[in-house]
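My structure is below; once you've seen it, I'll send some questions.
None of these values were measured; they are calculated from a predicted model.
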Amino acid sequence: SELAVQFYQGFKLAIDSIRKKGLQLQLFVYDVDDSDSAKLVEILHKPELADMHLIVGPLTGNAFLTVSRFAQKKNIAIVSPMSQQNRMLLNNDCVSKMIPSVTTQLEEEAKYVASTYKGANILLVSNSNPKEAQHFNIFRNRFNELRGPSSSADSLHQVKGGESLTKLLSPDKINVL
């Protein structure tokens, strides 16, 4: 896929940078996907795989789970470069991931907004679907935890699709959307 090619090109750039700093490493690349489990099993039986220090990927979910179980048995660190799901981390200390979950991203955004825009009028715009309401609640809970409910109750507002934004703008504070 185009995404896999782009990831590979970026990874190769990183490897080249590491090598320029004097680190010696050997890179093995295997083309796997969820549709060919026989090929994946064949790759997992390659002798060099048991001696790896790190596995990055596969990019697809089922293939990643299979390889992560292999990595756990061999005590090899494995990184999921694309998934945001936390469940892959359960019961496998060898697994890490590059992309944080949506919850983690929202909590970090709330942390940034709470520390950077103290005293500002914070407006979160949503389209009123249930998922966005859940995201708003995650953000609000972390924001309130950091700023305290008394200081944020009048400074954090959810603006839903058809609502007038202008009535929530503050003439006395910085407005942050």
field: Smallest separation among heavy atoms of Q72 and C94, with atom names
entry: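 Answer, listing the atom of Q72 first, then C94: CA-SG, 4.0 Å.
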- prompt: Is V176 linked to L124 within one hydrophobic cluster, defined over Ile, Leu, Val, Met, Phe, Trp and Tyr using a side-chain heavy-atom separation of less than 4.5 Å?
  reply: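 Same cluster.
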Nearest-0.5 Å distance, NZ of residue K20 to CD1 of residue I18: 12.0 Å
- prompt: Q105 side chain to P100 main-chain N or O, any donor-acceptor pair under 3.5 Å?
  reply: yes
- request: Could you tell me whether the side chain of F28 reaches within less than 4.5 Å of the side chain of K46, counting heavy atoms only?
  value: no
- prompt: Can you tell me if N121 uses its side chain to pair, donor with acceptor, with the backbone of I174 under 3.5 Å?
  reply: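 Checked: no pair found.
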field: Beyond-backbone contact of L44 with T66, side-chain heavy atoms, under 4.5 angstrom
entry: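 Yes, side chains in contact.
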message: Would a single hydrophobic cluster contain both F143 and I138, if residues Ile, Leu, Val, Met, Phe, Trp and Tyr are joined by side-chain heavy-atom contacts under 4.5 Å?
response: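 Looking at the clustering, F143 is in a separate group from I138.
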message: Check for me, please, whether Y8 and L54 land in the same ILVMFWY cluster - side-chain distances under 4.5 Å, paths through other members count.
response: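 Yes, it is one cluster - the side chains of Y8 and L54 are joined through contacts under 4.5 Å.
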- request: Say whether, by atom type as modelled, one donor and one acceptor occur between the side chain of R19 and the main chain of L25 under 3.5 angstrom.
  value: yes
- prompt: Is there a side-chain contact between V56 and F7 (heavy atoms, below 4.5 Å)?
  reply: yes
message: Quick check for you: to the nearest 0.5 Å, what is the distance between K118 atom NZ and K173 atom NZ?
response: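 Result: 14.5 Å between the selected atoms.
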- prompt: Is the side chain of N137 donor-acceptor paired with the backbone N or O of A133 at a distance under 3.5 Å, no angle test?
  reply: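 A pair under 3.5 Å: yes.
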task: Could I get the full list of ring pair (Phe, Tyr, Trp, His ring centres under 6.0 Å) partners for Y117, not counting sequence neighbours?
output: none
task: Mind running side-chain hydrogen bond (donor to acceptor under 3.5 Å, both in side chains) on S101 and T104 for me, showing each step along the way?
output: CA-CA 5 Å; S101 68; T104 300; 3.0 Å; yes
- request: Supply the atom-to-atom distance L168 CG to I122 CD1, rounded to the nearest 0.5 angstrom.
  value: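 L168 CG to I122 CD1: 12.5 Å, rounded to 0.5 Å.
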- request: Decide yes or no for L3 and M82: does some side-chain heavy atom of the first lie under 4.5 Å from some side-chain heavy atom of the second?
  value: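 With C-beta onward as the side chain, the pair touches.
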message: Between N62 and L40, is there a side-chain heavy-atom distance shorter than 4.5 Å?
response: no
- prompt: Counting N and O atoms only, with roles assigned by atom type, does the side chain of S115 sit under 3.5 Å from a partner on the main chain of Y112, one being a donor and the other an acceptor?
  reply: yes
Side-chain heavy atoms of V102 within contact of H135, under 4.5 Å: yes
field: Any donor-acceptor N/O pair, E145 side chain to R140 backbone, under 3.5 Å
entry: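 No: the side chain of E145 does not pair with the backbone of R140.
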ILVMFWY cluster, I15 and V29 together (side-chain gap under 4.5 Å):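 I15 and V29: one cluster.
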message: Let's go through F11 and L27 carefully: what are the C-alpha distance in whole Å and the side-chain angles of both, what is the deciding distance for side-chain contact (heavy atoms from CB on, under 4.5 Å) to 0.1 Å, and is it a yes or a no?
response: CA-CA 10 Å; F11 196 82; L27 178 65; 3.7 Å; yes
- request: Look at atom CG of D16 and say whether more than 12 heavy atoms of other residues, nucleotides or ligands are closer to it than 6.0 Å.
  value: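 Count over threshold, so yes.
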- request: Write down the atom of E107, the atom of R142, and the distance for their closest heavy-atom approach.
  value: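 Here E107 and R142 meet closest at O-CG, 3.5 Å.
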task: Would you give the length of the straight line joining atom CD1 of I76 to atom OG of S68, rounded to the nearest 0.5 angstrom?
output: 11.5 Å
- request: List the atom of R69, the atom of N92, and the distance in Å for their closest heavy-atom pair.
  value: N-ND2, 4.3 Å
query: Where do P58 and P81 come nearest, in terms of heavy atoms and distance?
result: O-CD, 4.2 Å
field: Salt-bridge criterion met for K39 and E42 (N-O under 4.0 Å)
entry: no
query: Quick check: are there more than 12 heavy atoms from other residues, nucleotides or ligands sitting under 6.0 Å from NZ of K74?
result: no
- request: Using a 4.5 Å cut-off on heavy atoms from C-beta on, say whether the side chain of V32 contacts that of I43.
  value: yes
- prompt: Step by step, would you call M98 with V79 a side-chain contact (heavy atoms from CB on, under 4.5 Å)?
  reply: CA-CA 7 Å; M98 292 173 54; V79 178; 3.5 Å; yes
statement: When rounded to the nearest 0.5 Å, the distance separating CG of L59 from CG of D31 is 9.5 Å
- request: Check whether any side-chain heavy atom of F64 sits under 4.5 Å from a side-chain heavy atom of I78, and report yes or no.
  value: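 SC-SC contact between F64 and I78 confirmed.
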field: Distance (rounded to the nearest 0.5 Å) between E109 CD and L106 CG
entry: 5.5 Å
